[in-house]
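Worksheet: the structure to be examined is printed underneath.
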2 protein chains.
Amino acid sequence: MGRIREFDEEKVLEAAMQLFWEKGYEATSLSDLTSRMGIQRPSIYSAFGDKKGLFEAALRKYTMSRASDVRTKLHNNPSVKEAFSTFFEDVVAEEYTEGLSRGCFCINTMVELAPHDEKFEILTREHQMYLSVIFQETIERGIQSGELEPHIDAKALSQALIVSLIGLTVIMKSRPNRSFVDNSIKVTLSLLK
Amino acid sequence: MGRIREFDEEKVLEAAMQLFWEKGYEATSLSDLTSRMGIQRPSIYSAFGDKKGLFEAALRKYTMSRASDVRTKLHNNPSVKEAFSTFFEDVVAEEYTEGLSRGCFCINTMVELAPHDEKFEILTREHQMYLSVIFQETIERGIQSGELEPHIDAKALSQALIVSLIGLTVIMKSRPNRSFVDNSIKVTLSLLK
DNA sequence: CAAATAACATACTGATCAGTATGTAATAGA
DNA sequence: TCTATTACATACTGATCAGTATGTTATTTG
């Protein structure tokens, strides 16, 4: 009963996600959001609670989509070494292609909000832990197939690769020379033996 | 001629630095600043121009002090491997000791401002490049002393270590298990052979 | 001491912030 | 068709934002 909604919640959430991803939480105003989402202020509040609630919904949407992407990319390549090098190169290519370096929405949030808001500390941590498990599974697959040496510590190595991926994503925001990131990746991935 | 200044510019700048470091640029208001710096609003504007100018001065103070610290820590230890492992462990210890994880002021700025303000893109990039040179010099010292293998690419390795250090600093904001960061460091520093 | 200068403190500016009150339009069930 | 309900758009709220105008106090120079 009652009037039916005219906007698609998934679509406006996608728009909000893009905006928060670009500008962060504090620098994004409700006016920015209404114009980008194409709906009025009270619609936002009725659908998502408040600004923090909308941000959280946007971040959850991002992390779920991102985790799925990472899983697909790493699982689809039969060669583990190639899977990782292609994955890291894709991350770099995306960042240098776009005019604005948005980086990773989750990492941005880890820096801006996690230290001051436990909800986001947990949310961002769990996303990184999940990615780390995907990395670990991939490395273990490489060990079992014989592509990687059997003695390596898959868990510890996956954690080191996650840390490198984060560092890479962050330093690209300062637009270093391409050689800097290429060198870093080459050296880091030499750990995959 | 005229009344003499009652505040110490270095001291109030130090206070501003601490606040911006904790909260970032957007989340820090002029009211926050006046109360923490202990001076009135017009004094800030006469000494530092505007909010961005104050932030820039604070960041420059930070990066200079930080670069000096890093140089000292890495140069003072005769063993290069030990210098790096102590250095990384110190970074972790500091972050897990304090209640709030401030991380690195420069890295925080790289995420918040560098993508939207070229001045900070350059400033943060140059700081990271400078740290990378300090790392490289240290690695080269290890090669010359015979502690490290002669064939390693000191430049590329130093860049990979910088990337790992950034990733480590960022992920600690989500307070992962200590074992996660310990594993990462152990694996990454295994590149120093 | 008088004039000039500069830092001081208070209080203000218009703009913008997140969030909401209010009235209208559209839908469902009775 | 009437009533209840929900979404809509407009316009408003008090609070806070960055930055400044104004007048006072302290110091130097003549």
Side-chain angles (χ1 to χ4, degrees), chain A residues 1-60 105 108-109 112-113 116-120, chain B residues 1-60 105 108-109 112-113 116-120:
Chain A
M1 179 187 291
R3 186 171 172 176
I4 64 166
R5 217 168 237 182
E6 293 176 6
F7 64 90
D8 178 343
E9 190 164 314
E10 276 305 309
K11 278 200 172 176
V12 300
L13 183 55
E14 170 74 25
M17 184 191 87
Q18 295 291 340
L19 194 52
F20 279 132
W21 187 358
E22 283 173 22
K23 304 184 49 165
Y25 178 76
E26 291 287 349
T28 302
S29 73
L30 261 293
S31 300
D32 294 333
L33 288 163
T34 53
S35 63
R36 184 88 145 237
M37 296 167 81
I39 59 177
Q40 302 301 325
R41 209 169 278 233
S43 301
I44 295 181
Y45 282 85
S46 80
F48 303 101
D50 60 3
K51 191 187 172 189
K52 268 267 168 70
L54 174 59
F55 186 90
E56 184 185 343
L59 181 59
R60 287 188 186 279
F105 186 17
N108 298 351
T109 303
E112 185 182 11
L113 298 184
H116 309 95
D117 190 325
E118 194 183 2
K119 173 174 279 173
F120 293 104
Chain B
M1 180 185 293
R3 187 170 170 175
I4 65 166
R5 220 168 235 181
E6 292 176 7
F7 64 90
D8 178 341
E9 190 164 313
E10 277 305 309
K11 279 200 171 177
V12 300
L13 182 56
E14 169 74 25
M17 184 191 88
Q18 297 290 340
L19 194 51
F20 279 131
W21 187 358
E22 282 171 24
K23 304 185 48 166
Y25 179 77
E26 290 288 348
T28 302
S29 73
L30 259 294
S31 300
D32 293 333
L33 287 164
T34 53
S35 64
R36 184 87 146 238
M37 297 168 79
I39 58 177
Q40 301 301 324
R41 211 169 277 234
S43 300
I44 295 180
Y45 282 85
S46 80
F48 303 102
D50 59 4
K51 192 187 172 188
K52 268 265 170 71
L54 174 59
F55 186 90
E56 184 185 343
L59 181 58
R60 286 188 186 279
F105 185 18
N108 298 351
T109 303
E112 185 182 10
L113 299 184
H116 310 96
D117 189 324
E118 195 183 1
K119 174 174 279 174
F120 292 103

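Naming: A, B, ... by sequence-line order, numbering from 1 per chain. When reading the values below, keep in mind they use all heavy atoms of this one structure, side chains included, and skip hydrogens, waters and symmetry mates.
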Using distance only, find each side-chain donor-acceptor pair of residues 13-21 of chain A under 3.5 Å and give its atom names and separation, not counting sequence neighbours.
| unit_1 | atom_1 | unit_2 | atom_2 | d |
| --- | --- | --- | --- | --- |
| A/E14 | OE2 | A/Q18 | NE2 | 2.8 |
| A/Q18 | OE1 | A/R102 | NH1 | 2.5 |
| A/W21 | NE1 | A/R102 | O | 3.4 |
| A/W21 | NE1 | A/G103 | O | 3.1 |

Note: contacts of residues 40-60 of chain A with DNA chain C (heavy atom, under 4.0 Å) are A/R41, A/P42, A/Y45, A/D50, A/K51
Listed in order of residue number, which residues of residues 6-21 of chain B have a non-hydrogen atom at under 4.0 Å from DNA chain C? B/E6, B/F7
List the residues meeting salt bridge (charged side-chain N to carboxylate O under 4.0 Å, His left out) with B/E118, not counting sequence neighbours, and say none if there are none. none
Taken in chain and number order and not counting sequence neighbours, the residues that satisfy salt bridge (charged side-chain N to carboxylate O under 4.0 Å, His left out) with B/E26 are none
Name all residues meeting the side-chain contact (heavy atoms from CB on, under 4.5 Å) criterion together with [X]; count only those two or more places apart in sequence or in a different chain, and write none if there are none.
{"X": "A/T34", "answer": "A/R41, A/I44"}
{"X": "A/K119", "answer": "A/E56, A/D117"}
{"X": "B/S29", "answer": "B/S31, B/D32"}

Taking all heavy atoms of B/A57 and all of B/F48, pick out the closest pair and write down the distance. CB-CD2, 4.2 Å
What's the shortest heavy-atom distance between B/F7 and B/S43, and which atoms? CE2-CB, 3.8 Å
Between the side chain of B/K51 and the main-chain N/O of B/T28, is any donor-acceptor distance below 3.5 Å? yes
Mind calculating the distance between CD1 (B/I4) and P (D/dT27) to the nearest angstrom? 6 Å
Can we call the ring centroids of B/F120 and B/F55 under 6.0 Å apart? yes
Terminal contacting nucleotides, 5' and 3', DNA chain C versus chain B (heavy atom, 4.0 Å): C/dA4 to C/dT10
B/Q40 vs B/S46, test: side chain to side chain contact (heavy atoms under 4.5 Å, CB included). Steps then yes/no. CA-CA 10 Å; B/Q40 301 301 324; B/S46 80; over 6 Å; no
Min side-chain heavy-atom separation A/T109-A/Y25 under 4.5 Å: no
Can you sort out which residues in residues 23-37 of chain A have a heavy atom within less than 4.0 Å of DNA chain D? Ascending by number, please. none
